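What you see is a predicted model; the values in this text were computed from it and never measured.
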Number of protein chains: 2
Amino acid sequence: MTKALKKQEIIDHAYELFYDHGFHATGVDKVMADTGISKRTLYKYFASKEDLIAELIGHYGETFLKIAPVEIARLSPDPAGQIMALFDFRKAMFDEGSFRGCFAISANLEYSGRDTPVQAASLKFFETFLNYIKSLCADGGYKDPDKLAGQVIVLFNGAVVASQASRSPAPFDAAKSVLAMLLAAAK
Amino acid sequence: MTKALKKQEIIDHAYELFYDHGFHATGVDKVMADTGISKRTLYKYFASKEDLIAELIGHYGETFLKIAPVEIARLSPDPAGQIMALFDFRKAMFDEGSFRGCFAISANLEYSGRDTPVQAASLKFFETFLNYIKSLCADGGYKDPDKLAGQVIVLFNGAVVASQASRSPAPFDAAKSVLAMLLAAAK
DNA sequence: CTAATAGTAAACCGATCTGTTTACATTGAG
DNA sequence: CTCAATGTAAACAGATCGGTTTACTATTAG
């Protein structure tokens, strides 16, 4: 097994564990046992637990931003409708019964108030995600795509967090009704 | 010192510690040392760490819902303007340099995926807060105050979480611009 | 004065935490 | 075959975790 594969294997296992059970609540021992590796190997690939989590945020971002364009293109042909479809897509992830929220937000909040690699990685994800929304808004031909993207993100984050906390996809309906109004006014 | 006062003293100290440093990251030993009490006393007033946190969420809710009406009444005379003022008030809390988000959301997310007293307490807060927004919307004379309240909450949570994560009050400006549009359309 | 209450300090429990280190086994390439 | 790389298992470190219990000391009310 190559180095890259081994590292990916650790990432895959750690990702699920932290996503499901939280960051402080999950020890590196659990990651080791779940992956089936020794502690030495874990610390060969990652300098610290926080560095591992930071890389997992990167993994989350890459995964999400690879799947999302495909899914929203499947749901709607035009860029304008794809913004709405993004909310449908995210809601569907909750509908499947798993109420995992945003990996980056959860990590950021749990390490809130400090300056760790976790903060840096999550901020980088937020920026990347914002740029993606901006490009969608620009493609949609809206007047002020950058301003619109900022508004869309607030709605999106609000829906995601409320859904995770209440374990219900309902907040997405409220968010979508506002989004429809917002998009109509921004043409 | 009476029982109630002692308990309040523990709550006050624990509240600051958990709010600033997180829940799993803060041990009961730190709460003891900070309050200046023994472990036995702590566990006389609270059955467990999770029960303590659940009570702290109640404390957060009571505090917030006692101050908010006063502040927004100071900022705006009419109920319609007070909804907007609620965002100004919350933004001002961030502007003061402290980027503490919503205590209930933070606690809920950190204990996400399990069923603890923490979940119950935070859900109760969300309900109370929603009812408060509903009453503001009803007083404002809006068409469908319950629906509007759900939309307002999504915007509010989105702004709070994004501000905490990015340590910037900027998301409130995006949220407020959407809110203005929303309120204008809901008259 | 007495008796109950409420408190402290500290030992103790078993477990866990992140991280390092030592000793040894496996493997693959030259 | 040999040697270096890569891995495992496990001890070790020092600290912390949530929680219980014991022994002792103030305080306070009757």
Side-chain angles (χ1 to χ4, degrees), chain A residues 1-15 17-57 106-107 110-111 113-121, chain B residues 1-57 106-107 110-121:
Chain A
M1 177 172 293
T2 72
K3 278 191 183 185
L5 278 179
K6 194 80 176 180
K7 183 168 182 175
Q8 192 58 48
E9 206 179 352
I10 299 173
I11 286 178
D12 290 340
H13 284 92
Y15 181 71
L17 288 173
F18 285 123
Y19 214 161
D20 280 337
H21 308 296
F23 301 91
H24 288 89
T26 304
V28 291
D29 286 10
K30 229 155 254 160
V31 175
M32 290 162 44
D34 200 66
T35 313
I37 55 161
S38 68
K39 201 173 278 192
R40 178 162 187 172
T41 303
L42 179 65
Y43 279 96
K44 168 166 285 176
Y45 288 103
F46 304 96
S48 67
K49 182 186 180 181
E50 286 180 357
D51 279 309
L52 167 58
I53 293 171
E55 287 214 40
L56 294 180
I57 293 172
S106 297
E110 195 157 328
Y111 287 86
R114 294 161 49 196
D115 256 344
T116 67
V118 175
Q119 316 295 324
Chain B
M1 177 172 293
T2 71
K3 280 190 185 186
L5 278 180
K6 194 81 176 178
K7 182 168 183 176
Q8 192 59 45
E9 206 178 351
I10 300 173
I11 285 178
D12 290 341
H13 284 90
Y15 180 72
E16 298 297 320
L17 288 172
F18 285 122
Y19 214 161
D20 280 337
H21 308 295
F23 300 91
H24 288 89
T26 305
V28 291
D29 286 10
K30 227 155 255 161
V31 174
M32 291 162 44
D34 199 67
T35 314
I37 55 163
S38 67
K39 202 174 277 194
R40 177 161 189 170
T41 303
L42 179 65
Y43 280 94
K44 168 168 284 175
Y45 288 103
F46 304 95
S48 69
K49 183 186 181 182
E50 287 180 357
D51 279 309
L52 167 60
I53 293 171
E55 287 214 40
L56 294 180
I57 293 172
S106 297
E110 197 158 327
Y111 287 87
S112 186
R114 294 163 47 196
D115 256 345
T116 68
V118 175
Q119 315 296 323

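Listed nucleotides C:dT18, C:dT8, D:dT8 differ in distance to A:Val28; the shortest reach to its side chain belongs to C:dT18. Looking at the side chain of A:Tyr43, the nearest of the listed nucleotides C:dC17, C:dT20, D:dG19 is C:dT20.
Taking atom NZ of A:Lys30 as the reference point, atom P of C:dC17 lies 5 Å away to the nearest angstrom. D:dG19 atom P lies 17 Å from atom NZ of B:Lys44, rounded to whole Å. A:Glu9 has its CD atom 11 Å from the P atom of D:dG7, to the nearest Å. Across the protein-nucleic acid pair, B:Leu42 atom CG and D:dG18 atom P stand 10 Å apart, rounded to whole Å. Separating the CZ atom of A:Phe23 from the P atom of C:dT18 is a distance of 13 Å, rounded to the nearest angstrom. Rounded to an integer number of Å, the gap from A:Met32 CE to D:dA11 C1' is 12 Å. The CD1-P distance, from B:Ile10 to C:dA6, rounds to 13 Å in whole Å. Rounded to an integer number of Å, the gap from B:Ile37 CD1 to C:dA10 P is 16 Å.
Using a distance-only test at 3.5 Å, with no hydrogens or angles considered, a donor-acceptor pair links the side chain of A:Gln119 to the main chain of A:Tyr111. At least one donor-acceptor pair closer than 3.5 Å links the side chain of B:Lys49 to the backbone N or O of B:Phe23. Although no hydrogens or angles enter the test, the distance criterion places a donor-acceptor pair under 3.5 Å between the side chain of B:Glu110 and the main chain of B:His24.
A close approach under 4.0 Å does occur between a side-chain nitrogen or oxygen of A:Tyr45 and OP1 or OP2 of D:dG7. Checking the phosphate oxygens (OP1, OP2) of D:dA10, no side-chain nitrogen or oxygen of A:Ser38 falls inside 4.0 Å.
Toward the 5' end of DNA chain C, the nearer of the two residues A:Asp29 and A:Arg40, judged by each one's closest nucleotide, is A:Asp29.
Residues A:Thr35 and A:His13 come closest through the heavy atom pair OG1-CB, 3.3 Å.
For the side chain to side chain contact (heavy atoms under 4.5 Å, CB included) with A:Tyr15, the lone residue among A:Leu52, A:Ile57, A:Leu56, A:Ile53 that qualifies is A:Leu56.
With hydrogens and angles ignored, a donor-acceptor pair closer than 3.5 Å exists between the side chain of B:Lys39 and the base of D:dG19.
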